[in-house]
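Working notes for the structure below.
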Amino acid sequence: MQAIRIRDAAVLLGVSDDTVRRWIDSGSLTAEKDGAGRMVIAGDVLAEFARDHAVPPPDPHGASSSARNRFVGLVTKVTVDRVMAEVQMQCGPFTVVSLMSSSSATELGLEPGVVAVAVVKATNVVVETVGGTA
């Protein structure tokens, strides 16, 4: 099982190193020392913790949908031509880019600074690992 260092766990969870240490100290998150004496968290333990503690930001529009991949974020850039628009959003640590008709972008009032929800419903998702084998 992959061992994840505290600072890397913090990045993955979107919190500070100190928050992860507090969770460990309180017993909310289990960690152990690796061969070098550093505190690490087993990957499966961190995954379970992330699932159990995930709280999506509230949808500013109160919308309901069958899509489970909903990312609330801030529109950071809109590039529009006569036919198409590229809309970039910052959703937490993730950048989401959407291509749509320019008339749709105009109707939705999309411009930098607007809070919006990126809804992703895809049949194909590529999953990669660093140095993984297939």
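Residues Thr76 and Met89 come closest through the heavy atom pair OG1-N, 4.1 Å. Of all the heavy atoms in Val83 and Asp81, the pair that sits closest is N-OD1, 2.8 Å.
Two different hydrophobic clusters hold Leu108 and Val72 under the rule that ILVMFWY side chains link at heavy-atom gaps under 4.5 Å. Residue Leu46 is not grouped with residue Val40 when hydrophobic side chains (ILVMFWY) are merged at heavy-atom distances under 4.5 angstrom, including chains of intermediate members. Note on Val87 and Val117: separate hydrophobic clusters, where clusters join Ile, Leu, Val, Met, Phe, Trp and Tyr whose side-chain heavy atoms are under 4.5 Å apart, directly or indirectly. Transitive grouping of hydrophobic side chains (ILVMFWY, heavy atoms separated by less than 4.5 Å) brings Val114 and Val80 into a common cluster. Cluster annotation: Phe94 and Leu12 are assigned to distinct hydrophobic clusters (Ile/Leu/Val/Met/Phe/Trp/Tyr, side-chain heavy-atom contacts under 4.5 Å, transitive).
Exactly one residue among Ile4, Val15, Asp8 makes a side-chain contact (heavy atoms from CB on, under 4.5 Å) with Val20. That residue is Val15.
Summarising the geometry, atom OG1 belonging to Thr95 is positioned 3.5 Å from atom CD belonging to Gln90; distances are rounded to the nearest 0.5 Å. Distance check, rounded to the nearest 0.5 Å: CD1 of Ile41 to CZ of Arg5 gives 11.5 Å.
Side-chain contact between Met84 and Met100 is absent, with no heavy atoms from C-beta onward closer than 4.5 Å. Counting heavy atoms from C-beta on, the side chains of Leu13 and Trp23 come closer than 4.5 Å. For the pair Ile6/Ile24, a side-chain contact is recorded, criterion being any heavy-atom separation below 4.5 Å from C-beta on. Using a 4.5 Å heavy-atom cutoff, the side chains of Val45 and Glu48 are not in contact.
Salt bridge annotation for Asp25-Arg22: absent, with no cationic side-chain nitrogen under 4.0 angstrom from a carboxylate oxygen.
Without hydrogens or angle criteria, Ser102 side chain to Ala85 main chain gives no donor-acceptor distance under 3.5 Å.
With sequence neighbours excluded, the residues satisfying side chain to side chain contact (heavy atoms under 4.5 Å, CB included) with Leu74 are Val115.
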How far apart are the C-alpha atoms of Met39 and Lys33, what are their side-chain angles, what is the distance that settles it, and do they pass the side chain to side chain contact (heavy atoms under 4.5 Å, CB included) test? CA-CA 4 Å; Met39 294 298 290; Lys33 289 190 177 187; 3.6 Å; yes
